[in-house]
Structure formats: structure tokens, C-alpha cells
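Order of the sequence lines sets the chain letters (A, B, ...), proteins ahead of strands, with each chain counted from 1.
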Amino acid sequence: MTEHAPERAQERTQDRYNAREAEPKWQKTWAERGIFRTRNDDPRPKFFVMEMFPYPSGRIHIGHGRNYVMGDVLARYKRMQGFNVLHPMGWDAFGLPAENAAIERGIHPKSWTYENIASMREQLQLLGLSLDWNREIATCDPSYYVEQQRIFLDFLDNGLAYRKESEVNWDPVDNTVLANEQVIDGRGWRSGAIVERRKLSQWFLRITQFAQELLDAIDTLDRWPDKVRLMQRNWIGRSEGLEVLFEFAKGSLAAGKLPADTKAVKVYTTRPDTLFGASFLALSPDHPLAKHLAGTDGQLSAFIAECKRGGTSAEEIETQEKKGYATGLSVVHPLDATRTVPVYVANFVLMDYGTGAIFGCPAHDQRDFDFATKYGLAITPVVLPEGADPATFSVAEGPYDGDGTLFNSAFLDGMSVPEAKEAVARQLERFRVAGEPQGTRRVNFRLRDWGISRQRYWGCPIPVIHCDDCGPVGVPRDQLPVELPDDVTFDRPGNPLDRAKAWRDVPCPKCGKPARRETDTMDTFVDSSWYFLRYASDNVEKPLDKAAVSHWLPVDQYIGGIEHAILHLLYSRFFTRALKHCGRVDLEEPFAGLFTQGMIVHETYKDTEGKWLFPEEVKLLGNGKAVRISDGTPVTVSPPEKMSKSKRNVVAPEVVADTYGVDCARWFMLSDTPPERDSEWTQGGIEGAWRFVQRVWRLVNEAVELGAKPGAPRPATFGEQALGLRRAAHGLVATVAEDIERLRFNVAVAHVHEFANAFGSAIAAARSAPEVPEDLAFALREAAEMLTGVVAPMTPHLAEECWGVLGHGSLVAEASWPATEADLLRRDTVTLPIQINGKKRDDIVVPREATPAEVEAAVLALESVQRALDGRAPKRIIVVPQRIVNVVA
RNA sequence: GCGGGCGUGGCGGAACUGGUAGACGCAGCGGACUCAAAAUCCGCCGUCCUCACGGAUAUGUCGGUUCGAGUCCGACCGCCCGCACCA
């Protein structure tokens with residue numbers, strides 16, 4: 001250190017970066033100049049980045065900010081790279097909480113929602129996000145949902161929307177339909193009444209029509225996380241199998257219990273190869289035949305009722321014992337007319353998958369095994385694992401569901417499982433039962449059609465009028481939107497729309513007779529299934545603009561939580577295809593790139609009475625101990641959890657902005673933890689970010705002070721010191737660009753830190769020189785410019801302030817990403833680690849382009865290598881150019 | 001039960017496609033500056049042996065492939081996520 005350095009350093013420390021002043025100033029400037037407003041006619045290449053829009057629940061905490069900040073970094077970076085960036089924001093504004101607020105606090109859902117939007121918008125703006133607020137949308141706004149109603153009518157016209165009976169959770173005390181999450185332990189969350197299953201006629205969207213397409217196209221989504229793709233594949237759940245008709249045995253037909261036209265029952269199986277192992281047939285309790293039989297069989301009727309009572313929760317289903325009821329009927333084995341198989345009604349057979357009936361092969365299926373064991377049915381193995389002895393092979397311990405060779409199976413004996421499947425299919429396709437092929441190949445999907453009816457007020461009205469004569473009639477398009485009536489009450493349970501007579505009772509659009517509006521509203525997942533298409537249009541008159549959609553879509557980078565991996569993303573994919581089917585867009589996949597970010601978690605604190613405490617009420621003492629600030633009583637510290645209001649482990653963005661500045665919060669959220677993982681918010685972390693923000697400010701100021709003036713000529717040659725700094729700076733620009741492109745923000749941050757260390761040393765060296773040489777002066781200014789440019793997407797306010805210090809009159813938000821020189825990114829020499837028998841023993845510096853032979857010669861000359869070889873010739877030398885050398889002694 | 005993922009210092013984590021394990025940060029320790037503190041700057045920081053030079057060992061455990069394994073393969077242990085009787 002030099003003598004004059006300290007005073008200068010001190011002088012500098014007086015000059016702190018003042019985020020509190022700078023941040024509002026730049027936010028105002030950006031807004032005034034409208035620099036984030038996106039135009040559709042901009043000729044530059046487009047880039048569409050968006051984060052999943054929030055539900056306007058009230059206030060946000062800092063944990064909500066992470067994905068917006070990540071998207072913002074990408075948006076700002078891409079702008080600097082010369083793209084016309086679309087980065088919009090909106091509100092997923094319909095939904096149950098607004099109605100609950102109305103019930104609990106008497107606030108109208110509309111005012112509750114719009115007030116929340118206003119305060120959350122303010123909070124988001126505080127984060128300095130580069131959003132085009134001109135394209136802001138709220139799904140509860142008629143200007144938004146009018147188009148959704150048009151889409152619904154298009155779906156109706158194209159057979160993609162239809163009505164069918166479907167079960168809902170019915171609260172018999174509140175007389176209302178409950179969402180699944182409102183059913184707790186089989187009881188209504190508010191009334192505590194035991195929930196019933198009740199059938200209602202509801203609207204469905206035919207997503208299953210696209211099941212195969214949606215499955216196939218997953219392969220093309222190469223910028224989606226594998227995990228999400230896998231979850232979607234499993235959800236769609238394709239299986240290939242065979243539908244098989246089992247004819248009733250003569251005695252069963254004669255018994256008079258069956259309907260007159262019923263000669264056979266159809267089952268679905270993916271294991272036709274195991275047909276010879278069949279020992280029973282089971283019908284779902286909801287199967288029409290089971291219901292028919294129950295008409296004359298009181299015990300069966302009681303059994304079916306018992307099955308219905310069972311809960312629907314995962315645990316209940318898992319622990320539920322397999323139960324069946326023997327109907328006394330039997331069917332003939334399709335491949336062996338001499339055998340018959342008893343028919344049961346069984347609680348584990350689902351009506352809405354396959355045909356609602358199965359054949360049971362206990363030796364090769366766990367469920368069938370459990371069932372057969374309980375009812376003493378035969379368990380005949382028909383697939384022999386490789387290497388097993390047919391004489392001794394036993395499934396007494398449990399079923400075998402692996403590959404093998406068929407045995408005990410007549411003409412299938414000796415075949416492999418796939419061969420046997422094929423042979424059975426071919427055989428049964430030839431056989432006829434009542435004029436039909438006995439076997440039909442069939443692909444099944446687990447995916448079900450999407451029920452969108454919700455018996456709720458605060459949702460998009462379904463634009464349909466029910467007429468006694470004409471049935472459901474779509475509201476004519478020129479009468480859209482069907483707006484929600486404001487004049488409703490929430491003092492009674494049930495859907496207020498049912499009671500809004502003035503709104504509800506309208507003439508039929510077809511025949512003019514008195515009719516009534518559909519009072520169900522749409523699932524809020526519908527709202528979010530096309531909002532990304534709405535953003536493309538900057539025109540309110542054309543909310544879904546085919547040309548604009550073709551221009552902007554697909555979304556280049558979509559960022560959101562993993563909790564939407566299946567439903568929201570699958571529904572959006574379906575919507576896009578369905579809209580294409582209706583001729584509304586030319587697009588199949590809406591999201592080219594998907595990123596699922598982790599949550600922000602925080603420790604939780606409890607006082608001595610077990611009450612949750614806010615972080616600001618707690619003083620941490622280190623060593624895991626803490627006390628309450630107000631009275632010094634001990635506080636229990638528990639491991640980090642997702643930030644939530646109820647546990648009070650939240651940090652308000654305003655407080656962070658006020659104490660440290662928003663850029664610190666942004667920097668911290670990007671640091672250390674990989675973005676897809678959960679990240680812990682800590683005091684130490686935010687303070688570290690604060691120190692670094694100050695450090696960047698100091699480095700830039702010092703470099704400006706010591707460096708060349710703006711526009712100074714580029715020296716013809718650079719000395720070692722200047723060259724070293726230039727290499728570091730140019731390298732930084734290149735590596736951070738790559739890090740941001742790959743959304744590896746934590747690595748980008750590390751690289752900036754690394755550069756700051758090198759930059760600091762260069763500045764110290766310049767300071768200690770009697771006079772700063774011209775080449776170093778140039779390099780210092782260049783490095784300061786580059787550092788400012790590189791941090792601009794991450795800490796945009798700080799960067800604007802630095803940009804000013806550097807003497808620019810423009811905005812860094814509108815500047816270009818710093819240009820690098822290829823020469824500086826390439827090294828002329830490389831340092832190769834030298835291994836002897838795989839252990840690193842030495843280093844060697846060689847020209848970058850050195851041939852393996854040259855490297856080998858140089859390595860053999862090394863003293864360390866000579867010593868290790870001890871006069872012997874090496875067995876082998878592996879030279880990996882520009883990487884490593886391994887000498888095998 | 002089925003499917004998938006992950007185990008690296010006190011902590012968060014880095015390590016491109018099999019090529020120097022522990023970048024960078026946090027915490028900690030030591031030092032400089034200061035009357036003092038804060039801020040800042042410098043140094044140390046996996047474990048063991050050694051005054052040191054240096055060496056041994058080390059990415060959950062065990063084994064394998066390879067000149068070379070955190071990375072690939074197999075088995076096991078632990079944790080996390082998704083699905084829920086889908087025939």
C-alpha cells in the first residue's frame with residue numbers, strides 16, 4: 001500500500017451509493033421516457049419473456065419477487081443484446097379468496113380485487129422491473145373475459161365444449177359446492193358437515209381429443225425441464241391394450257337377472273398375455289350392469305352404497321381394503337370355452353377408466369392378488385421369469401409383474417410377453433361375439449376431459465342461456481360480454497348468481513321464450529390458459545390477434561413455479577391447440593422455454609408462548625440462539641420454510657428497499673443458490689449484497705478517477721498489467737452473457753465477484769504507481785464501463801448511477817451489451833496440469849497451439865517427471881490438448 | 001406401491017462433454033488502518049501427518065469401468081419431489 005492511498009480511500013468512503021435517492025429517481029425516468037413500452041411494429045428480432053402472473057391476494061412479500069427479478073434480468077439483458085423485448089404483467093384476478101373476503105368481511109369481490117391489484121402493482125414497481133405496463137391485464141376485467149367468452153363459444157361450435165353429468169363435493173348444510181381443497185377430512189371446511197357426492201350437469205372441455213398430440217409434442221419441448229415433461233407424460237398416461245368381450249355362461253343368461261340384450265361384458269386390459277391366468281371378472285360399482293343387478297339384489301345395492309361412502313383422499317384410497325361382492329354370475333373364458341370365471345362387483349375398479357370392468361389375474365397383479373387371496377380364488381402363474389423352474393415357481397409370496405416366458409397357457413406357451421400379447425389380440429380380433437370382434441385393440445389415456453363449471457360468483461360467466469325448449473343456447477356474439485352483475489349479496493351460502501333474478505332471467509336468444517342464464521362460472525385455470533396470447537396484442541379491440549400472436553409467440557422464456565408443472569401448463573398447451581383447431585391462431589406450443597424457479601424460504605420464530613414472530617421482532621445472537629427485541633425473552637428458531645403470512649416469516653419489499661435498496665434485494669436473490677432451488681433469505685445474505693453494491697460503486701468511481709477520460713484514444717499497445725485487466729473485463733462480459741442465457745444467475749454473480757477482486761487489485765496497482773500509464777488508464781475506464789454494463793440487468797439502478805459517473809448522458813437501460821474483442825478472449829498460452837499416475841504433480845505452461853508431441857517432450861523434461869520415472873521409460877503418456885497431461889509410470 | 005431426482009467444507013454452492021475438487025459468497029480466525037468503533041483493505045480457512053517444504057486422504061457407503069471418476073455403471077444407505085387402486 002502506498003502512503004497516499006488511505007486518505008483517498010477515506011475520501012471515497014464518504015461517498016456512499018445512496019439507493020434510497022437513486023432508485024425512485026431512475027424508476028421515474030424509465031417511466032417518463034417509456035423505454036419499456038414495446039411496439040409490435042419494431043423491426044428488431046423479438047424476444048418474449050414472461051413470468052407466471054400473480055393472484056392479487058393483497059400484499060406481496062419478497063419471496064414473490066424472485067421469479068420476476070429473474071425474468072427481468074433476462075429481459076434487460078436481451079434488450080441490451082438488441083432484441084425487441086416483450087415483458088408484460090397481469091393479474092390472475094378471479095378466484096375464491098375474493099369471495100371469501102366478501103363473506104367474511106362484507107367487501108365486494110370486485111373492490112377487494114382491484115384494491116389488491118393497486119397495492120401489489122405499486123410493490124412490483126418498487127422492484128424496478130422493466131415491464132410494459134401498457135399491456136397490463138386483469139382476468140376479472142370484462143375487456144379481458146369478453147374474449148374468453150368468445151373462445152368458449154368457438155369451442156362450443158367446434159364440439160370442444162360439451163355438457164355432461166359429473167360429481168361434485170356437496171355441502172348439505174351450506175347448500176353449496178365445495179372445491180377439493182375445501183373438503184377437509186371428508187367435511188366441509190366451514191360447516192363441518194359430511195360432504196356428499198352429488199351429480200350436476202357441468203361444462204367440459206374436450207382436452208382428451210388432443211391427448212395423443214399433447215403427449216407427442218412433449219418431445220419437442222427441449223427447453224423445458226425434464227421433470228416437468230415427465231410429469232406431463234405421466235399425467236396424460238397413455239396405455240395400449242385390448243378390449244375383450246366375456247360372454248356370460250349359459251346358466252347366468254338363463255337366471256333372468258341380466259337385461260334382455262346383455263350377452264357379454266367388455267373389459268379393458270393391458271396384459272392380454274395373462275388371460276389364461278384369469279380367475280375372476282370385476283365390475284366397477286358404477287358400472288351400468290352392477291346397477292342393474294342391484295335392482296333385484298338388496299345386498300349388492302347395500303355393497304355399492306358402502307363403496308360410495310368411502311372418502312376420496314389419497315390416504316383413504318391407499319389404505320382401503322379390496323372388497324368385492326360375488327354376483328353369482330359367471331362368464332366363459334374367451335380362449336377356453338370349457339372354463340368359466342365368477343363375476344364380482346369390486347370397490348377398486350374405476351368406472352371412468354377403460355370400460356369399468358376388468359379381468360383379474362392374481363398371479364401377475366398386486367390388486368388382483370390381494371383380492372384373490374381374500375376371496376380364495378385360484379392364483380395361476382402364466383408368466384415364468386427367466387431362469388425360473390416351471391415346476392417350482394411360485395407366486396405365493398406375491399405377484400410377478402416382470403418379463404418372462406408364457407406357460408400354463410395353451411397355445412401361448414413358450415412365447416415372450418410381447419409375442420403373447422400380439423397372439424391373443426390377433427386371435428380375439430378374429431372371434432366374434434354377437435357380431436362384434438371379441439377383441440379390439442385400444443389406446444387409453446389417464447387424462448380426463450376438463451370440467452370447467454364452478455358454482456361460484458367471482459369467475460368468468462359461461463355465455464350460455466338455458467331454454468326449456470331449445471336447451472343450452474350460446475349467447476349471440478354481439479351480446480357479449482355477459483358481465484357479472486355487481487348487485488349481489490354474500491349473506492347466504494350458495495352461488496349469488498342463482499339469486500340475481502334480474503341478471504339471470506332472460507329470453508331465449510333462439511325462440512324468445514323466458515329462459516335463464518347459466519349461473520356457473522369458469523374455472524380460473526381457463527383465465528390463465530390464454531393470457532400469454534392476449535399480451536401479444538397491443539390493441540384492446542382485438543384482444544386475440546392472430547397476426548400479433550404469430551409475431552410474438554411462442555414465449556421464448558416462461559418462468560414460474562413447479563406447482564404449475566401439470567395443470568396450468570397442460571391446459572395452456574391444450575388451449576393453444578384448440579384455438580388453432582378453431583382457426584384463431586397459428587400456433588401449437590405456447591412456451592418454447594420453461595424455467596421453474598425455487599421458492600424463497602426463511603427461518604421461523606416463536607416466542608415463549610408459541611406465538612409466531614416477524615423477523616424484525618427478533619434479534620439473532622449467533623450460535624442458533626435468538627431473543628425477542630422488545631423484552632429479551634428467548635425465541636425458538638426453526639428451520640427455513642416457505643415464506644407465509646401465517647408463520648410471519650416474511651420480509652416486506654418496502655422494508656428491504658428502504659434499508660438496503662432494491663438492487664441489494666435483487667442481487668441477493670440472484671446470488672449463491674441455483675435459481676431452480678429454494679433459496680434462504682438471511683440477514684447475512686442481504687448485508688453481503690449491500691457490501692457488494694457499495695463495492696461496485698467504489699470500483700467504478702475510483703476507476704473513473706484514475707482512468708482515461710471519456711473518448712480517450714485507444715493506445716496502440718498494452719503492457720502486461722493493462723492487458724491482464726482487459727482480458728479479465730472482456731472475459732467477464734463473455735461469461736456473464738453465457739450465464740444469463742443459461743439462467744445460471746448464481747454463477748453470473750460469482751463471476752462478477754471474481755472480476756471485482758481482479759479489478760480492485762488493478763486499481764490498487766494504478767494507485768501505487770507515481771503516474772497511471774496511458775494503457776492502464778484506458779483499461780481502467782474500459783473495465784468500469786464493462787462492469788457497469790454487466791451488472792445493469794441485475795442491479796439496474798446502481799448501473800444507471802455508475803453510467804452517469806462514467807459520463808454518459810444516455811441510459812444504460814437503453815445501452816448495448818458491451819462488445820468484446822476476440823483476441824482478448826483467447827489465451828496464447830495454457831497452463832496444463834501434469835499428472836503422474838492420475839495424481840497432479842506439476843504444472844506446465846505451453847503455447848496454446850502446441851502439438852501433443854511438443855507437449856510430451858516438454859513434460860518428459862520436467863524434473864518432477866524425471867524424478868517420478870527414476871530412469872525408466874513411461875508406460876504411456878496421455879496428452880489431452882489444452883486440458884491435461886497424464887504420465888503413466 | 002409406481003415414477004423421478006438429489007447426497008461435495010461450519011453454511012449456500014462451483015467444477016464446460018470423464019481431465020487441477022472445493023471457484024465465488026456467507027460465517028469464522030489473524031493482521032493493517034483507528035484514541036476507539038464502524039467501514040475498508042490484506043492474509044488464513046476440508047481432514048490428518050509435518051516447524052516448514054511437502055505428503056497422505058477426501059465429493060453418502062461398497063464395488064466396477066478407465067491412463068484418469070464428484071461426473072459413467074451396479075448394489076446399498078439417506079433425503080426430497082410427483083402420481084394415487086388407471087387393469
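Taking atom P on both B/U8 and B/C79, the two are 14 Å apart, rounded to the nearest angstrom. For the P atoms, the distance linking B/C29 with B/G18 amounts to 42 Å, nearest Å. Here, B/U50 and B/U65 have their P atoms 36 Å apart, quoted to the whole Å. Atom C1' of B/G46 sits at a distance of 15 Å from the matching atom of B/G13, rounded to the whole Å. Between B/C81 and B/C42, the distance separating the two P atoms is 42 Å to the nearest Å. On the C1' atoms, B/G55 is 42 Å away from B/A39, given to the nearest whole Å. B/C24 and B/C35: their C1' atoms are spaced 37 Å apart (whole Å). Rounded to a whole angstrom, the distance from the C1' atom of B/G82 to that of B/U71 is 26 Å.
Only A/R677, listed by number, bring a heavy atom of residues 677-687 of chain A to less than 4.0 angstrom from any atom of RNA chain B. Residues of residues 732-745 of chain A that place a heavy atom closer than 4.0 Å to RNA chain B, in numerical order, are A/R744.
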>> As a quick check of understanding, evaluate side-chain hydrogen bond (donor to acceptor under 3.5 Å, both in side chains) for A/T208 and A/D449, giving each step before the final call.
In response: CA-CA 6 Å; A/T208 53; A/D449 276 340; 2.7 Å; yes
> Would A/Q597 and A/R677 count as a side-chain hydrogen bond (donor to acceptor under 3.5 Å, both in side chains) if you check the C-alpha gap in whole Å, the side-chain angles of each, and the deciding distance to 0.1 Å?
Replying inline: CA-CA 7 Å; A/Q597 93 284 353; A/R677 276 194 224 169; over 6 Å; no
> Are A/Y344 and A/Y325 close enough, and set up right, to give a ring pair (Phe, Tyr, Trp, His ring centres under 6.0 Å), and what steps lead you there?
Replying inline: CA-CA 5 Å; A/Y344 285 78; A/Y325 177 85; 8.5 Å; no
> Could you walk me through whether A/T795 and A/Y17 pass the side-chain hydrogen bond (donor to acceptor under 3.5 Å, both in side chains) check?
Replying inline: CA-CA 13 Å; A/T795 53; A/Y17 167 65; over 6 Å; no
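A/R695 and A/N757 form a side-chain donor-acceptor contact under 3.5 Å, judged by distance and modelled atom types alone. Under 3.5 Å, the side chains of A/D370 and A/Q366 contain a donor-acceptor pair of N or O atoms.
Residues A/W681 and A/F668 bring their aromatic ring centres within 6.0 Å. Two rings, from A/F359 and A/F280, have their centers 6.0 Å or more apart. Checked against the 6.0 Å centroid criterion, the rings of A/H364 and A/F369 do not qualify as a close aromatic pair.
In this model, the phosphate group of B/A21 is not approached by any side-chain N or O of A/K840 to a distance below 4.0 Å at OP1 or OP2. For A/R271 and B/A87, the shortest distance from a side-chain N or O to OP1 or OP2 is not below 4.0 Å. OP1 or OP2 of B/G25 sits under 4.0 Å from a side-chain N or O of A/N757. One finds a side-chain N or O of A/R695 lying less than 4.0 angstrom from the OP1 or OP2 phosphate oxygen of B/C41. Put simply, A/S239 has a side-chain N or O that comes within less than 4.0 Å of OP1 or OP2 on B/A87. Side-chain N/O atoms of A/N746 include one lying less than 4.0 angstrom from OP1 or OP2 on B/A14. Using a 4.0 Å cut-off, no side-chain N or O of A/R841 falls inside it from OP1 or OP2 of B/G54. The side chain of A/R691 places an N or O atom within less than 4.0 Å of a non-bridging phosphate oxygen (OP1 or OP2) of B/A27.
A/Y375 and A/G324 get closest at one heavy-atom pair: OH-N, 2.8 Å.
Note that A/R16 lies outside the cation-pi zone of A/W697, set by a 6.0 Å cut-off to the ring centre and a 45° limit from the axis.
As rounded to whole Å, 13 Å separates atom C1' of B/A87 from atom CD of A/Q366. One atom, CG of A/N837, and another, C1' of B/G19, lie 15 Å apart when rounded to the nearest Å. One atom, CD1 of A/I834, and another, P of B/G68, lie 17 Å apart when rounded to the nearest Å. Straight-line distance from the CZ atom of A/F445 to the P atom of B/A87: 12 Å, rounded to whole Å. Protein atom CD of A/E754 is 14 Å distant from nucleotide atom P of B/C26, rounded to whole Å. If you take CD of A/E676 and P of B/A14, they are 8 Å apart, rounded to a whole angstrom. Between the CZ atom of A/F668 and the P atom of B/G13 there is a distance of 12 Å, given to the nearest Å. The distance between atom NE2 of A/H751 and atom C1' of B/G25, rounded to the nearest whole Å, is 13 Å.
Remark: the backbone N or O of A/A378 is paired with a side-chain donor or acceptor of A/S279 at under 3.5 angstrom. The closest donor-acceptor contact from the side chain of A/D678 to the backbone of A/M599 lies under 3.5 Å. A donor-acceptor contact shorter than 3.5 Å is absent between the side chain of A/R841 and the backbone of A/I834.
In this structure, A/W690 and A/Y660 have perpendicular ring planes: the angle between them is above 60°, well past the 30° mark.
Checking B/G3 for Watson-Crick or G-U wobble geometry (two distances, each under 3.5 Å) identifies B/C81 as its partner.
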Between the protein and nucleotides 80-82 of chain B, list every N/O to N/O distance that falls short of 3.5 Å.
from  : atom 1 : to     : atom 2 : distance (Å)
B/C81 : O2'    : A/K227 : NZ     : 3.1

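If you check every strand for non-hydrogen atoms under 4.0 Å, A/V349 touches a base. A/D370 comes within 4.0 angstrom of nothing in the nucleic acid, heavy atoms only. Residue contacts shown for A/D365 are absent, as no nucleic acid heavy atom lies under 4.0 Å away. Contact annotation for A/V880: base contact, defined as any heavy-atom pair under 4.0 Å involving a base atom.
In B/G63 the O4'-C1'-N dihedral to the base is more than 90° from 0, which defines an anti nucleotide.
Nearest-nucleotide positions on RNA chain B for A/D401 and A/I884 put A/D401 closer to the 5' end.
A donor-acceptor contact under 3.5 Å is not formed by the side chain of A/K875 with the base of B/C67.
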